[in-house]
Amino acid sequence: MSLIENIIKLKKEKNALILAHYYQRPEIQNIADYVGDSYYLSKIAKESPEQLIVFCGVRFMAESAKILSPEKTILLPALDAGCPMADMAEVEALVELKKQHPNAAVVCYINSTAEVKAHCDVSVTSSNAVKILNKMDKKEIIFLPDKNLGSYLSEQMPDKKFILWPGFCITHRKVNPSNIADIKRIKPDALVLSHPECEKEVRALSDFIGSTSEIIEYATKSNLKDFVIVTEQGVLHELKKRNPDKNFYTPGNTMTCVNMKKTTLEDVYDCLLNLNNSIEIDEEIRIKALNSLVNMHNYAR
Ligand code: 13P
Ligand code: SF4
């Protein structure tokens, strides 16, 4: 039996659910029950009846699933797959910042640790942040850790005052405006579709800004043929599958998230076989962090 056949067999035997983010390797996306963006995967993990979930993504995603469903076993196949941006926010500095802005709502990108979520009012993802923030009455917002998503949000709602944490995604930061200009010189009609984790100068050159699944939907629905995709290259797998006749260009060959690419088929097989790499969270932190994720799901509904 091949490795893939063994994974499918084990998955059935153990009644497990395999989730994969769009940044995962193509072969991982192919064996997953569901592939999606951060919000979609968080919803599926919460609502699915399976008690065993193999979360092919990075730690904050598996942690969020565990926070919402402590009774489920959540396995992270590559235990060292973290998110450098999530690690840019520290609790002590956040507590200080909250003291300086006692009336601000504290909003964290889901790309943050359980400890940071425990100090926040609500979590958001790139696909639901505008909707959620527009529903909130507070005019002052502490937003962390991504200054790029934060500044994008502040442009969408000029009536609110944003206090931005200086974090950023090292993968999206690799692109600069000249990379996009180089493609546009050859393909002037190509639409530029970017993730809000990109720097402001890159967002300014974009025709559409959205989460991974929103970028895929946009390109799929469009009548046009050429697109510059400014996010991690894993999304190209789904884009090409759904749109075999369209052309997708990437700015440079640099947009790879090494952490997202850590998960291999061997890791998935191993953790399903041995039920190792289970995510555990201190109960006191989990209860506090739960509030921000429950609020996200309620606001985003
Ligand atoms: P989305 O899939 O929600 O767009 O998130 C992108 C990301 O950086 C996940 O780490
Ligand atoms: Fe973190 Fe960026 Fe990788 Fe997403 S793409 S997991 S934000 S480093």
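Quick note: numbers below take in every heavy atom, side chains included, and nothing from hydrogens, waters or symmetry partners. Start at 1 with the first residue, then count along the sequence. Here the structure is a predicted model, which means the values were calculated and not measured. We count ligands from 1, going down the list as the structure has it; atoms in each ligand are counted the same way.
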With the threshold set at under 4.0 angstrom, would you say [X] reaches ligand 1 through any of its heavy atoms?
X	result
Glu232	no
Glu214	no
Cys83	no

Scan for salt bridge (Lys or Arg N to Asp or Glu O under 4.0 Å) pairs involving residues 169-185, sequence neighbours excluded, and state none if there are none.
Asp182-Arg185

Should [X] and [Y] count as an ion pair when the cut-off is N to O under 4.0 Å?
X	Y	value
Glu63	Lys117	no
Lys11	Glu50	no
Arg286	Glu283	yes

Is ligand 1 under 4.0 Å from a heavy atom in the side chain of Tyr23, in the backbone, in both, or in neither?
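Within the 4.0 Å criterion, Tyr23 contacts ligand 1 through side-chain atoms alone.
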
Heavy atoms only, cut-off 4.0 Å: how does Phe60 contact ligand 1, side chain, backbone, both, or neither?
side chain

Nitrogen or oxygen of [X] less than 3.5 angstrom from that of ligand 1:
X	result
Asp37	no
Glu197	yes
Ser38	yes
Tyr39	no

Counting only protein N, O or S atoms (no waters) closer than 2.8 Å to atom 3 (Fe) of ligand 2 gives 1

Of the choices Met61, His195, His172, Met85, which has the non-hydrogen atom that lies closest to atom 6 (C) of ligand 1?
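Selected option, by shortest heavy-atom distance: His195.
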
